[in-house]
Amino acid sequence: MAGEKYTNIRLNRDFYSRDVLTVAPDLLGKNLVISQAGIAESFKIIEVEAYRGEDDQASHARFGKTARNSIMYGEGGFLYIYLIYGMYWMLNIVTGPAGDPQAILVRGLKNLPGPGVLTRALGIDKSYHGEDLVNSERIWIEDRGDKPLVIQKPRVGISYAGEPWVSNAWRFISA
DNA sequence: AGCAAGATCGGT
DNA sequence: CCGATCTTGCTG
């Protein structure tokens with residue numbers, strides 16, 4: 001058969017267990033699938049940011065393990081959801097091995113630019129905190145074979161973090 | 001117990 | 001540029 005190779009698979013634990021700086025750019029072009037009320041919709045990931053370890057002074061893990069960020073200390077593939085500015089839910093994906101707090105903030109989906117915009121549009125709230133992308137019935141990520149070019153820039157809204165954290169190009173955008 | 005600041009957004 | 005809106009984690 002002369003068809004092109006078409007992958008359509010849910011990302012597994014191994015994908016998320018790698019270092020956050022490897023997983024973040026690899027998430028671009030992947031499809032976030034959310035199933036609600038019996039209807040599954042998918043959205044291409046176009047922008048993300050990496051938060052890496054307790055040393056990262058921009059990360060919620062910079063104060064060590066707390067009630068809010070404890071999910072970051074577990075294994076990769078789980079969702080870390082938190083409320084910012086009292087009104088916007090942030091969608092984060094835990095990465096790396098257990099014990100190493102890492103997470104990726106999903107900043108943009110195709111046609112839904114903005115971390116607060118996309119969660120509002122998809123109805124993602126605190127109830128998604130701790131959801132496992134590897135086994136969840138209502139949210140996961142698929143690889144459909146897209147390999148976009150990746151642009152790197154400094155992260156947004158973290159001016160409180162000193163150097164080198166404010167300047168690290170840990171924001172990844174699809175070209 | 002109190003408080004300042006926040007991984008944002010939309011309207012002036 | 002500023003206000004909305006409320007949780008978090010630090011300080012005392």
Side-chain angles (χ1 to χ4, degrees), chain A residues 11 15-32 34 43-133 139 141 148 150-175:
Chain A
L11 299 178
F15 179 93
Y16 300 108
S17 296
R18 298 171 298 160
D19 188 273
V20 69
L21 294 179
T22 300
V23 181
D26 208 8
L27 273 177
L28 299 177
K30 301 298 188 291
N31 282 75
L32 176 69
I34 186 162
F43 304 84
K44 192 173 297 293
I45 298 171
I46 63 170
E47 182 176 347
V48 299
E49 274 177 2
Y51 289 84
R52 190 171 188 268
E54 293 184 341
D55 289 342
D56 182 356
Q57 292 305 297
S59 173
H60 286 172
R62 67 187 181 281
F63 299 123
K65 192 174 184 176
T66 66
R68 177 173 64 163
N69 69 23
S70 65
I71 190 86
M72 292 176 74
Y73 287 77
E75 61 181 344
F78 289 79
L79 295 185
Y80 168 38
I81 309 292
Y82 68 88
L83 185 68
I84 191 65
Y85 300 116
M87 45 189 118
Y88 300 106
W89 294 103
M90 297 290 103
L91 169 62
N92 298 260
I93 299 163
V94 176
T95 68
D100 187 356
Q102 306 183 339
I104 295 169
L105 170 64
V106 180
R107 292 194 58 86
L109 301 174
K110 189 175 180 183
N111 299 323
L112 290 174
V117 171
L118 70 92
T119 52
R120 189 177 55 196
L122 272 57
I124 292 174
D125 61 11
K126 190 71 177 174
S127 76
Y128 282 80
H129 182 71
E131 201 79 8
D132 183 3
L133 291 173
I139 189 167
I141 299 176
V150 177
I151 293 173
Q152 287 185 244
K153 293 186 177 183
R155 293 172 293 179
V156 176
I158 56 152
S159 57
Y160 55 86
E163 294 291 351
W165 316 110
V166 287
S167 299
N168 284 343
W170 288 358
R171 176 182 173 204
F172 303 86
I173 310 164
S174 290

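Lettering follows sequence order; numbering is per chain, from 1.
At a non-hydrogen distance threshold of 4.0 Å, A:Ala58, A:His60 from residues 56-65 of chain A come into contact with DNA chain B.
Between the P atom of B:dG10 and the CD1 atom of A:Ile84 lies a distance of 16 Å, rounded to the nearest Å. Between the CG atom of A:Leu91 and the P atom of B:dT8 there is a distance of 14 Å, given to the nearest Å. The nearest whole Å value for the distance from the OH atom in A:Tyr88 to the P atom in C:dG3 is 15 Å. Separating the CH2 atom of A:Trp89 from the C1' atom of C:dT8 is a distance of 12 Å, rounded to the nearest angstrom. Regarding A:Asp125, its CG atom lies at a distance of 18 Å from the P atom of C:dT5, rounded to whole Å.
Put simply, the side chain of A:Ile104 reaches to within 4.5 Å of the side chain of A:Val20, judged on heavy atoms. In this structure, the side chains of A:Ile45 and A:Asn31 stay at 4.5 Å or more apart for every pair of heavy atoms.
Between A:Arg52 and B:dA7, a side-chain N or O to OP1/OP2 separation shorter than 4.0 Å is absent. Remark: A:Arg107 is in phosphate contact with B:dT8, judged by side-chain N or O atoms under 4.0 Å from OP1 or OP2.
One finds the CE atom of A:Met90 at 11.0 Å from the OH atom of A:Tyr80 (value rounded to the nearest 0.5 Å). Note that CZ of A:Phe63 is 10.0 Å distant from CG of A:Asn69, once rounded to the nearest 0.5 Å.
Here the options are A:Asp132, A:Ile124, A:Val106, A:Ile139, the test is side-chain contact (heavy atoms from CB on, under 4.5 Å), and the partner is A:Leu79; only A:Ile139 passes. Applying side-chain contact (heavy atoms from CB on, under 4.5 Å) to A:Leu27 and the options A:Leu11, A:Leu32, A:Ile46 leaves one that passes, A:Leu11.
Among the duplex regions that DNA chain B forms, those built from at least three successive Watson-Crick or G-U pairs under 3.5 Å are B:1-6 with C:6-11, B:8-11 with C:1-4, ordered by first number.
Shown here is A:Lys44, whose NZ atom has more than 12 heavy atoms of other residues, nucleotides or ligands within 6.0 Å.
Distances were taken from every side-chain heavy atom of A:Tyr85 (C-beta onward) to each of B:dC9, C:dG9, C:dT5; the shortest belongs to C:dT5. Distances from the side chain of A:Leu83 to the nucleotides B:dT8, B:dG10, C:dT7 place C:dT7 closest. Minimum atom distance to the side chain of A:Tyr80 is reached by B:dA7, of the listed B:dA7, C:dG9, B:dT8. Counting only heavy atoms from C-beta on, A:Met87 has its side chain closest to C:dA4 among B:dG6, B:dC9, C:dA4.
A:Thr95 approaches A:Arg18 most closely through the heavy-atom pair CB-O, 3.9 Å.
If you check every strand for non-hydrogen atoms under 4.0 Å, A:Arg68 touches sugar and phosphate atoms only. Contacts of A:Ile158 with the nucleic acid, taken as non-hydrogen atoms under 4.0 Å apart, involve only primed sugar atoms and P, OP1 or OP2.
Comparing the P positions of B:dG2 and C:dT5 gives a spacing of 23 Å, expressed to the nearest Å.
In the model, A:Gln102 has no side-chain atom that pairs as donor or acceptor with a side-chain atom of A:Tyr16 under 3.5 Å.
Donor-acceptor pairing under 3.5 Å, judged by distance alone, is present between the side chain of A:Tyr82 and the base of B:dA7.
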